[in-house]
Amino acid sequence: MTDVAERMAELRRQLDEANYRYFVLDDPSLTDAEYDRLLRELEQLEAAHPELAEPDSPTRRVGAAPAEGFAEVRHEVPMLSLTNAFEVEGASNEQERHREVAEFVRRIVEATGDPEPEFSVEPKLDGLAVSLRYEEGRLVRAATRGDGTHGEDVTANARTIRAIPLRLRGSGWPAVLEVRGEVFMPRAAFEAFNARARERGERPLANPRNGAAGSLRQLDPAVTAARPLAFFAYGVGVVEPASALPERHSLTLRWLRGFGLPICPEVDTARGLEGLLAYYRRIGAMRDRLPWDIDGVVYKLDRHDLQQRLGYVARAPRWALAHKFPAQEQVTTVEAIEVQVGRTGALTPVARLAPVAVAGVTVTNATLHNADQIARLDVRPGDRVVVRRAGDVIPEVVRVLHALRDPSRPPPPFVWPTQCPACGAAVVRAEGEAVARCSGGLYCPAQRKQALVHFASRRAMDIDGLGERIIDDLVEFGFVRSVADLYRLGVEDFLEMKRRAEARDGMVPATVREGRIATRWAEKLVAAIDASRDTTLERLLFALGILQIGEETAKALARAFGDLDLIRHADAIVLLAVPDVGPKVAASIAAFFAETHNQEVIDALLAAGVRPRSSGRVDPDLLARLDLAGLLQGAKRLGAPLEGLGETSIERIGRQFSAIEALRAAAPERLVPLGVAPEPAAALLALLADPHWGPRLSAAEDQVRRMRERAGAAGAPSLPLAGWTVVLTGTLASLTRDQAAGLLEQLGAKVAGSVSGRTRLVVAGEAAGSKLAKARALGVEVWDEARLLALLEQHGLRP
DNA sequence: AGCCCTCGAGTTCT
DNA sequence: CTCGAGGGCT
């Protein structure tokens with residue numbers, strides 16, 4: 001019993017503290033979810049042990065006393081709080097999951113005798129509740145809720161909110177009307193406000209709710225006026241004469257709207273439990289698309305006379321219920337901060353979290369991105385943190401609850417490692433770059449493993465079943481060092497690997513017990529590896545894991561050269577002629593192929609029977625760009641010392657000379673008639689004599705010559721959509737987006753993800769959204785699916 | 001020289 | 001999905 005009493009005291013202390021910080025200081029230390037959880041625990045304990053309940057318990061009041069600086073206002077008709085209902089986690093069916101709502105409806109059915117009572121339903125906005133008093137149609141006072149009976153006078157601030165009318169419209173209003181509603185900050189306004197604040201170097205608001213609450217409690221109304229606040233009315237307080245009030249809540253809202261008061265557009269009515277839950281689901285589904293933050297929906301028995309009959313429990317009406325959505329933010333503890341090593345050696349800090357349920361899934365990890373982010377958040381092992389699922393998918397640490405740190409023993413700050421946690425190599429962070437990298441390269445086991453995972457992944461070599469777990473073991477037991485080793489593995493190798501893994505994990509050797517199944521598994525893997533031998537050049541290029549080479553650049557390279565052999569021996573000068581390849585990317589590719597080890601791996605892959613399919617045809621546009629001028633231009637972009645030699649000069653020189661050799665043999669005087677000043681001319685000839693650049697340019701020229709020979713005189717037939725940038729939007733009926741993109745590319749088009757000035761065509765399927773709108777705004781040509789199919793048909797392509 | 005767009009890379013959980 | 005940075009256009 002003492003334990004229970006202590007726990008209750010602790011809960012009361014925590015809740016009081018949270019109230020104080022939230023209501024008085026506007027600096028919350030707990031999330032709503034955390035606060036609600038503590039409050040409910042205390043409620044349950046008080047219900048189970050009424051003798052230990054205290055009259056001033058946080059469960060008996062809505063908020064803390066008003067802060068100094070605002071006059072106190074007494075609410076004649078108290079501003080009520082609502083009973084909250086939450087989803088029951090892990091419930092097997094709808095009824096059970098919404099048990100509290102079902103009980104709410106059942107009680108009302110019993111009390112009213114109506115088997116399907118009618119409710120007024122509305123979204124529960126996340127803002128600040130206020131009461132607006134209108135006398136003779138004029139706004140005379142605005143007050144915050146405070147503790148429900150005493151609030152703060154915020155008239156001056158409320159008057160600055162444009163959504164709040166200073167005078168009621170029309171003439172049918174009662175002599176005294178108190179309007180209850182929510183002041184909030186629409187999401188877009190919040191984003192815009194913060195963007196501006198950041199531009200000016202001011203502190204951005206933490207979230208729209210705090211933005212609203214903080215703004216209304218500014219002592220200087222000018223500050224409030226600058227904040228983009230909005231208001232929705234959802235009820236009434238004092239109404240004189242009382243007879244003016246309509247008979248139903250839904251009619252009351254309409255009545256208020258008639259006076260020029262904003263009402264939430266999603267307000268509706270619903271019948272019975274099924275009607276309420278349907279509304280809950282409908283609003284829940286559109287939650288992310290709504291322009292304001294909501295944390296649930298509110299159900300109110302529609303008829304006022306029936307409301308009267310049901311009455312109140314403490315401060316909460318029995319005729320209304322707030323049905324809350326599962327929390328999207330939760331508080332948990334950082335158990336450790338670890339550093340992961342990625343495929344490229346990038347070091348990423350990850351917070352290991354005490355497991356916590358956020359919007360339906362259990363979260364245990366959250367990325368911290370990089371050192372800057374850790375510094376910005378000031379997150380340390382042991383900290384209590386607010387976790388959110390960003391975009392409802394990837395968990396992220398929103399902020400650290402620094403107030404909850406024990407000031408006498410603050411946790412030690414996270415120290416960035418100087419050595420790679422996987423291989424011990426030095427950690428380097430290039431100047432001006434956000435990421436730190438392990439310098440171990442392929443000697444680092446973590447990088448090697450990730451390189452293998454990438455190689456096998458779906459968009460690369462697509463080796464089905466070869467996931468991270470298996471690759472870990474293959475590397476650990478020495479079966480595989482490079483990607484080429486995969487093609488040497490047999491069924492027995494996989495079985496042996498599994499036996500060792502099981503022995504290591506101290507498991508019953510299932511391989512032995514379930515020999516058949518294990519053998520089937522190994523055979524499948526070997527077959528999947530075998531199947532990957534038949535691949536395309538672009539997939540293989542992507543799979544190699546060359547820094548800066550993703551799917552798109554791999555595709556561009558494959559399309560331009562049409563042959564692996566040309567690419568793996570190409571100089572950066574030649575690579576630069578590929579569209580979307582600039583100096584950095586070209587250098588990265590050349591550096592990769594300059595490594596003997598990488599060339600050996602490619603040889604081993606080819607020897608193992610990997611056959612990258614490719615057109616075998618050099619893109620004529622590429623060759624066109626690789627004339628003498630193109631080569632010189634490329635050398636200049638790669639840092640060759642050709643200051644003062646402009647583009648037009650290079651063009652002229654290229655037209656005048658047939659080849660590098662001819663230029664090298666030329667006297668400087670021959671360049672002068674071309675309009676080239678003496679110094680740049682000398683610089684150019686010096687470059688050709690330079691022991692590094694001279695031979696390099698000649699070699700590049702040789703490469704281009706070989707490519708020309710290979711291309712032959714035929715020349716490529718031009719494709720119907722060559723040079724077109726096409727964007728797909730909406731859902732196509734007869735083919736997937738990927739298929740459509742593939743077919744369009746076969747016609748020579750470049751398929752982009754978003755509409756811009758460069759877009760030549762938009763293909764719009766069903767339910768096309770913003771991209772279509774933007775295309776129309778920009779006057780971009782728009783096709784429907786039928787038109788696309790007709791074009792494909794015309795060129796012998798079928799979905 | 002500066003801006004806009006696109007691409008690459010990393011991330012979570014079922 | 002989000003960030004950062006590379007590439008190319010104005």
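So that the names make sense, note that chain A is the first sequence line, chain B the second, and so on, each numbered from 1.
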Undergrad: What residues from residues 443-462 of chain A pass a heavy-atom cutoff of under 4.0 Å to DNA chain B?
TA: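 Per residue number, the list is empty: none.
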Undergrad: Give the rounded distance in Å between these two atoms: CG of A:Leu728 and P of B:dT6.
TA: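 Taking CG of A:Leu728 and P of B:dT6, I get 13 Å after rounding.
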Undergrad: In chain order, what residues pass the side-chain contact (heavy atoms from CB on, under 4.5 Å) check against A:Ala528, with sequence neighbours excluded?
TA: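 Checked A:Ala528 against side-chain contact (heavy atoms from CB on, under 4.5 Å); matches are A:Ile463, A:Asp464.
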Undergrad: Who passes salt bridge (Lys or Arg N to Asp or Glu O under 4.0 Å) against A:Asp563, sequence neighbours left out?
TA: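 A:Asp563 satisfies salt bridge (Lys or Arg N to Asp or Glu O under 4.0 Å) with A:Arg710 once adjacent residues are dropped.
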Undergrad: Between A:Asp580 (CG) and B:dC4 (C1'), how many Å, whole number?
TA: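 The answer, rounded to whole Å, is 14 Å.
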Undergrad: What nucleic acid atoms does A:Val581 come within less than 4.0 Å of, heavy atoms only: base, sugar-phosphate, or nothing?
TA: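 Sugar-phosphate contact only - A:Val581 comes under 4.0 Å of backbone atoms but never of a base.
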Undergrad: Could you give the CD-to-P distance, from A:Glu396 to B:dG10, as a whole number of Å?
TA: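 The answer, rounded to whole Å, is 19 Å.
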Undergrad: For residues 570-581 of chain A, which residue pairs pass the salt bridge (charged side-chain N to carboxylate O under 4.0 Å, His left out) check, not counting sequence neighbours?
TA: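 Only A:Asp571-A:Arg696, A:Asp580-A:Lys750 qualify under salt bridge (charged side-chain N to carboxylate O under 4.0 Å, His left out).
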Undergrad: How would you list all residue pairs meeting side chain to side chain donor-acceptor pair (under 3.5 Å) that involve residues 632-644 of chain A, not counting sequence neighbours?
TA: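 For residues 632-644 of chain A, and leaving out neighbouring residues, there are no side chain to side chain donor-acceptor pair (under 3.5 Å) pairs at all.
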Undergrad: Tell me, which pairs form a salt bridge (charged side-chain N to carboxylate O under 4.0 Å, His left out) where one or both residues lie in residues 535-561 of chain A, sequence neighbours left out?
TA: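 As it turns out, the salt bridge (charged side-chain N to carboxylate O under 4.0 Å, His left out) pairs with a partner in residues 535-561 of chain A, which skip direct neighbours, are A:Arg459-A:Glu551, A:Glu552-A:Lys555, A:Lys555-A:Glu745.
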Undergrad: Of the nucleotides B:dC13, C:dG6, B:dT14, which one has an atom closest to the side chain of A:Gln548?
TA: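 So the nucleotide nearest the side chain must be C:dG6.
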Undergrad: Which pairs count as salt bridge (charged side-chain N to carboxylate O under 4.0 Å, His left out) when at least one residue sits in residues 444-458 of chain A, sequence neighbours excluded?
TA: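 Passing the test, one end in residues 444-458 of chain A: A:Lys449-A:Asp472.
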Undergrad: Among residues at least two apart in sequence or on other chains, which ones pass side-chain contact (heavy atoms from CB on, under 4.5 Å) with A:Arg384?
TA: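 Applying side-chain contact (heavy atoms from CB on, under 4.5 Å) to A:Arg384 gives A:Glu34, A:Val331, A:Thr333, A:Leu401, A:Leu404.
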Undergrad: What is the separation between atom CZ on A:Arg437 and atom C1' on B:dG10, rounded to the nearest whole Å?
TA: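 Checked: the CZ to C1' distance equals 11 Å.
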Undergrad: Out of B:dC7, B:dT12, C:dG6, which has the shortest distance to the side chain of A:Thr553?
TA: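 So the nucleotide nearest the side chain must be B:dC7.
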Undergrad: Give the nucleotide from the list B:dT12, C:dG7, B:dG8 with an atom nearest to the side chain of A:Asn365.
TA: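 Among B:dT12, C:dG7, B:dG8, the one nearest the side chain of A:Asn365 is B:dT12.
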Undergrad: So which of residues 642-650 of chain A are in contact with DNA chain B, with a heavy-atom cut-off of under 4.0 Å?
TA: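 Per residue number, the list is empty: none.
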Undergrad: So, does A:Gln340 use its side chain to make a donor-acceptor pair with the main chain of A:Val350 at under 3.5 Å?
TA: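 Between the backbone of A:Val350 and the side chain of A:Gln340 there is no qualifying donor-acceptor contact (under 3.5 Å).
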Undergrad: Roughly, in whole Å, what's the span from CD in A:Glu552 to C1' in C:dA5?
TA: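 For the pair A:Glu552 CD and C:dA5 C1', the rounded distance is 16 Å.
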Undergrad: How would you list, by chain and number, every residue that makes a side-chain contact (heavy atoms from CB on, under 4.5 Å) with A:Pro349, sequence neighbours excluded?
TA: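 Result, side-chain contact (heavy atoms from CB on, under 4.5 Å) vs A:Pro349: A:Ile337, A:Leu368, A:Ile374, A:Trp416.
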Undergrad: Using atom CZ of A:Phe542 as one end and atom P of B:dG8 as the other, report the distance to the nearest whole Å.
TA: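 One finds 8 Å between P of B:dG8 and CZ of A:Phe542, rounded.
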Undergrad: The criterion is ring pair (Phe, Tyr, Trp, His ring centres under 6.0 Å); which residues satisfy it with A:His369, sequence neighbours excluded?
TA: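 For A:His369, no residue satisfies ring pair (Phe, Tyr, Trp, His ring centres under 6.0 Å) once neighbours in sequence are set aside.
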Undergrad: Testing the 3.5 Å rule here: is there a donor-acceptor pair between the side chains of A:Thr364 and A:Arg352?
TA: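 Short answer, no.
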Undergrad: A:Leu541 has an atom CG; how far is it from atom P of B:dG8, in whole Å?
TA: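 Nearest whole value for this atom pair: 12 Å.
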Undergrad: Starting at atom CG of A:Leu576, determine the distance to atom P of C:dG8, rounded to an integer number of angstrom.
TA: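 So the CG-P distance, A:Leu576 to C:dG8, works out to 9 Å.
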Undergrad: Expected output is a numbered-order residue list: members of residues 338-355 of chain A with a heavy atom under 4.0 Å from any atom of DNA chain B. What is it?
TA: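 Heavy-atom contacts with DNA chain B come from A:Gln340, A:Arg343, A:Thr344, A:Ala346, A:Thr348, A:Val350.
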Undergrad: Going by atom types only, do A:Arg343 and A:Gln447 share a side-chain donor-acceptor pair under 3.5 Å?
TA: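 Per modelled atom types, A:Arg343 and A:Gln447 side chains form no pair under 3.5 Å.
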